[in-house]
Asks: 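Can you read through this structure? Questions will come right after.
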Amino acid sequence: MVRRVAVIGAGPSGLTSIKACLDEGLEPTCFESSHDIGGLWRFKEEPEPGRANIYHSVIINSSKEMMSFSDFPPPAELPNNMHHSEVLLYLRLYAHAFNLLQHIHFQTTVVSVRQRPDFPVTGQWEVDTEGREGQRRTHVFDAVIVGTGHFTHPHLPLSDFPGIESFEGRYFHSWEYHNADGLQGKRVVVIGIGNSGGDIAVDISRVAEKVYLSTRSGAWVVSRVGQGGLPLDLVGFSRLVMMLHRLLPSWSAWTIKKTLNQAFDHVLYGLKPKHGFFTQIPVVNDELPGRIISGRVQVKPNVQEFCGSSVVFVDGSTIDKVDVVVFATGYNYSFPFLPPALQAKSGYRLRLYQHVFPPTLSPPTLAVVGFIHAFGAINPMAEMQARWATRVFKGLATLPSEEAMLQDIGTVTKIMFSCTERNPLQVDYIPYMDFLAQRVGARPPILRLLLKDPRLGLQVLLGPCTPYQYRLTGPGQWAGARHAILTQWERVCKPFKTRVVPEPVGGPSSRLRFTLGLSGAVLLCWFLYKKHSLSSFICFPPCFRSPR
């Protein structure tokens with residue numbers, strides 16, 4: 001019987017795994033190699049090998065309501081898209097609210113995880129750790145959760161760039177980047193147009209002579225700011241939008257591309273990618289178009305070679321006197337403490353059933369949490385993975401046969417997004433969350449809600465798919481979930497209220513507009529798609545009201 005669980009890492013995935021264990025009556029022991037919680041979101045003045053690193057200017061791409069844990073709404077006064085320091089504050093509040101810190105052993109590195117000789121019977125693991133002073137210990141656990149993330153080992157493919165060994169300037173991976181200090185007046189090439197590449201190019205362009213952003217395939221660029229100034233993910237991540245996308249995938253993709261190109265033409269700006277919108281995670285950047293239109297950033301194709309201080313691109317153009325090159329070329333993933341058999345790959349993916357369980361492991365007492373990407377925030381997905389894992393550990397949820405899991409992994413690998421070496425972890429946010437919630441027993445019963453609690457049911461169906469939906473029912477049900485959903489727009493609006501502008505006298509109230517919008521949405525959606533995007537009517541927030 002599983003009782004004691006080792007949790008590796010005290011970032012967001014590790015913290016929510018500790019809580020999931022406590023919720024199921026298990027005894028978690030978390031090992032964190034650094035001196036503090038936060039993982040990726042703990043800023044480090046100097047990069048620490050083997051740990052994730054962020055730069056000074058990082059703002060989270062997901063809004064606070066979408067990235068929250070499902071039973072811990074963020075404070076209303078926090079901004080909707082938080083600075084990394086505010087994300088860390090939220091994690092601290094979460095850890096203190098649920099008394100998680102007492103279960104964490106800081107400055108303790110996990111050296112190895114191996115099955116005990118009687119594993120087929122007991123499912124137990126031996127976990128070797130090393131303390132700050134180098135002291136080694138061996139612990140025995142009934143189960144293990146790995147929550148170390150995947151932004152720890154920079155991918156620096158220098159062999160793909162002929163002449164880099166003779167480059168006369170300085171080059172480094174984006175993992176090492178902190179800020180633009182020392183880059184004033186420099187000519188800088190940033191290679192890679194993921195979220196880090198876009199952010200760093202914008203950041204450096206404020207002080208550099210010129211920044212050149214090199215991309216092999218282009219990217220769709222979206223803003224954090226959606227219609228009416230609301231967070232984009234709040235007006236774009238609803239169950240109704242998901243259903244319409246599945247019913248009308250071609251129209252949905254066409255509408256999104258049209259909307260993005262209305263903001264700025266991706267062909268004109270040199271950004272139009274070779275792939276469709278839903279095949280890769282888009283670049284979230286509010287400032288990149290402004291830096292391009294002002295000439296502070298120039299978009300270039302892939303680099304062909306380096307010649308001294310010059311960079312030659314595949315279109316034949318050359319930039320001379322380049323001072324610095326930043327490789328924003330992604331990360332490799334590695335779990336050096338795990339047995340090699342548990343690190344097998346299926347194509348480019350780690351061979352994990354639904355990104356969590358090694359399919360060949362019996363009994364299933366090891367789970368990987370937070371090792372995933374999606375069109376959505378990582379925190380609620382990691383939380384749902386941890387809730388599922390702890391239920392499996394206790395025998396309250398079962399896994400398919402090994403054969404079925406291996407078949408599922410192979411099938412999903414073939415159909416999922418753009419599964420490449422650099423892009424192996426993508427899932428579709430709402431279907432993935434619903435899949436796991438179904439196994440936990442926490443999938444929201446939308447039809448029943450519409451019949452018994454129409455106000456809540458309409459919010460769940462038409463409003464943003466915030467994590468609180470997965471606490472309305474089943475194991476882990478939270479009494480505050482309904483209130484959290486019905487007040488989420490108030491928390492969205494709160495940080496905007498730094499200067500209250502009165503609404504025009506005599507106009508329809510926000511409550512009335514909201515009610516009418518929700519009531520007619522289902523009928524209108526089939527007609528409005530001809531001219532407008534779905535965000536034009538879905539989930540108008542009821543909190544924009546006249547000051548009292």
Side-chain angles (χ1 to χ4, degrees), residues 40-41 43 53-64 66-67 78-87 174-175 177-215 217-236 256-257 259-273 277 280-300 324-330 375 377 495-496 498 535:
L40 172 69
W41 298 108
F43 179 79
N53 191 46
I54 52 176
Y55 34 95
H56 276 292
S57 60
V58 167
I59 301 292
I60 194 167
N61 291 335
S62 300
S63 64
K64 65 180 181 182
M66 294 299 294
M67 62 78 64
L78 286 177
N80 284 288
N81 287 87
M82 296 184 282
H83 184 257
H84 63 75
S85 60
E86 293 158 328
V87 177
S174 58
W175 178 82
Y177 180 79
H178 268 179
N179 53 48
D181 288 353
L183 298 177
Q184 290 83 353
K186 304 293 186 182
R187 294 164 72 85
V188 181
V189 173
V190 178
I191 298 177
I193 197 174
N195 281 301
S196 294
D199 278 353
I200 290 171
V202 167
D203 202 39
I204 296 174
S205 70
R206 297 187 178 95
V207 301
E209 175 189 324
K210 187 76 71 176
V211 174
Y212 303 91
L213 180 56
S214 169
T215 172
S217 58
W220 295 107
V221 179
V222 302
S223 172
R224 296 177 180 88
V225 184
Q227 188 164 354
L230 298 171
L232 180 66
D233 55 359
L234 283 175
V235 298
I256 290 174
K257 292 178 185 179
T259 302
L260 293 178
N261 283 318
Q262 284 175 340
F264 66 91
D265 190 318
H266 281 60
V267 173
L268 180 65
Y269 277 58
L271 291 169
K272 186 179 185 299
F277 182 81
Q280 287 190 26
I281 302 295
V283 172
V284 180
N285 199 298
D286 302 300
E287 300 180 67
L288 183 58
R291 308 312 289 178
I292 294 173
I293 201 171
S294 65
R296 305 312 305 157
V297 172
Q298 287 188 10
V299 180
K300 301 293 290 182
V324 176
V325 175
V326 181
F327 286 91
T329 45
F375 280 83
F496 289 112
T498 54
S535 61

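As a basis for the values below, the full set of heavy atoms in this structure was taken, side chains included, without hydrogen atoms, waters or symmetry mates. Quick caveat, the model's predicted, so the values are computed rather than measured.
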Asks: Could you state the interatomic distance from CG (L271) to OG (S217), rounded to the nearest 0.5 Å?
Replies: 11.0 Å

Asks: Taking H83 for the side chain and H56 for the main chain, is one N or O donor matched with an acceptor at less than 3.5 Å?
Replies: yes

Asks: Has K300 got more than 12 heavy atoms of other residues, nucleotides or ligands less than 6.0 Å from its NZ?
Replies: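 Check passes, neighbour count above 12.
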
Asks: Just verifying a value: how many Å separate I292 CD1 and L213 CG, rounded to the nearest 0.5 Å?
Replies: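 It is 7.0 Å, given to the nearest 0.5 Å.
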
Asks: Under 4.5 Å between any side-chain heavy atoms of T329 and W175, yes or no?
Replies: no

Asks: Are N61 and D233 close enough that some pair of their side-chain heavy atoms sits under 4.5 Å apart?
Replies: no

Asks: Hey, are the side chains of Y177 and V190 touching, using non-hydrogen atoms and a 4.5 Å cut-off?
Replies: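 They are not in side-chain contact.
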
Asks: Is any side-chain heavy atom of V326 closer than 4.5 Å to a side-chain heavy atom of I204?
Replies: yes

Asks: Under the side-chain hydrogen bond (donor to acceptor under 3.5 Å, both in side chains) rule, collect the residues that match up with D199, sequence neighbours excluded.
Replies: Y55, N285

Asks: Quick check: closest heavy atoms across W220 and P273, and the distance to 0.1 Å?
Replies: NE1-CG, 3.1 Å

Asks: Roughly how far apart are S63 OG and L78 CG, rounded to 0.5 Å?
Replies: 12.5 Å

Asks: In Å and rounded to the nearest 0.5 Å, what is the CG to CD1 distance from N195 to I200?
Replies: 11.0 Å

Asks: Taking the side chain as every heavy atom from C-beta outward, state whether L288 and F264 have any atom pair closer than 4.5 Å.
Replies: no

Asks: For the OG atom of S196 and the CZ atom of F327, what is their distance to the nearest 0.5 Å?
Replies: 15.0 Å

Asks: Could you tell me the separation between the CD atom of E287 and the OG atom of S57, rounded to the nearest 0.5 Å?
Replies: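 That separation rounds to 8.5 Å.
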
Asks: Contact between L40 and I54 at the side-chain level, heavy atoms closer than 4.5 Å - yes or no?
Replies: yes

Asks: Identify, with sequence neighbours excluded, every residue that meets side chain to side chain contact (heavy atoms under 4.5 Å, CB included) alongside S205.
Replies: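 For S205 the side chain to side chain contact (heavy atoms under 4.5 Å, CB included) partners, ignoring immediate neighbours, are V211, R291, R296, V297.
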
Asks: Against R224, only a single residue in I60, L232, V284, N80 fulfils side chain to side chain contact (heavy atoms under 4.5 Å, CB included); can you say which?
Replies: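 Per the side chain to side chain contact (heavy atoms under 4.5 Å, CB included) rule, the option paired with R224 is V284, out of I60, L232, V284, N80.
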
Asks: If only atom types and distance count, is the side chain of K210 paired as donor or acceptor with the main-chain N or O of G295 below 3.5 Å?
Replies: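 Side chain of K210 to backbone of G295: a pair is present.
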
Asks: Once you measure the plane-to-plane angle for H84 and F43, does it fall in the parallel (<30°), tilted (30-60°) or perpendicular (>60°) bin?
Replies: parallel

Asks: Which atoms form the tightest heavy-atom contact between I193 and G218, and what is the distance?
Replies: CG2-O, 4.0 Å

Asks: Considering residues, nucleotides and ligands other than I293, do more than 12 of their heavy atoms fall under 6.0 Å from its CD1?
Replies: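 Counting other residues, nucleotides and ligands, CD1 of I293 stays at 12 neighbours or fewer.
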
Asks: Are the side chain of Y269 and the backbone of K272 linked by a donor-acceptor contact shorter than 3.5 Å?
Replies: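 No: the side chain of Y269 does not pair with the backbone of K272.
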
Asks: Taking C-beta and beyond as the side chain, do P495 and K64 meet within less than 4.5 Å on heavy atoms?
Replies: yes

Asks: Closest heavy-atom contact between H266 and A219?
Replies: CD2-O, 3.5 Å

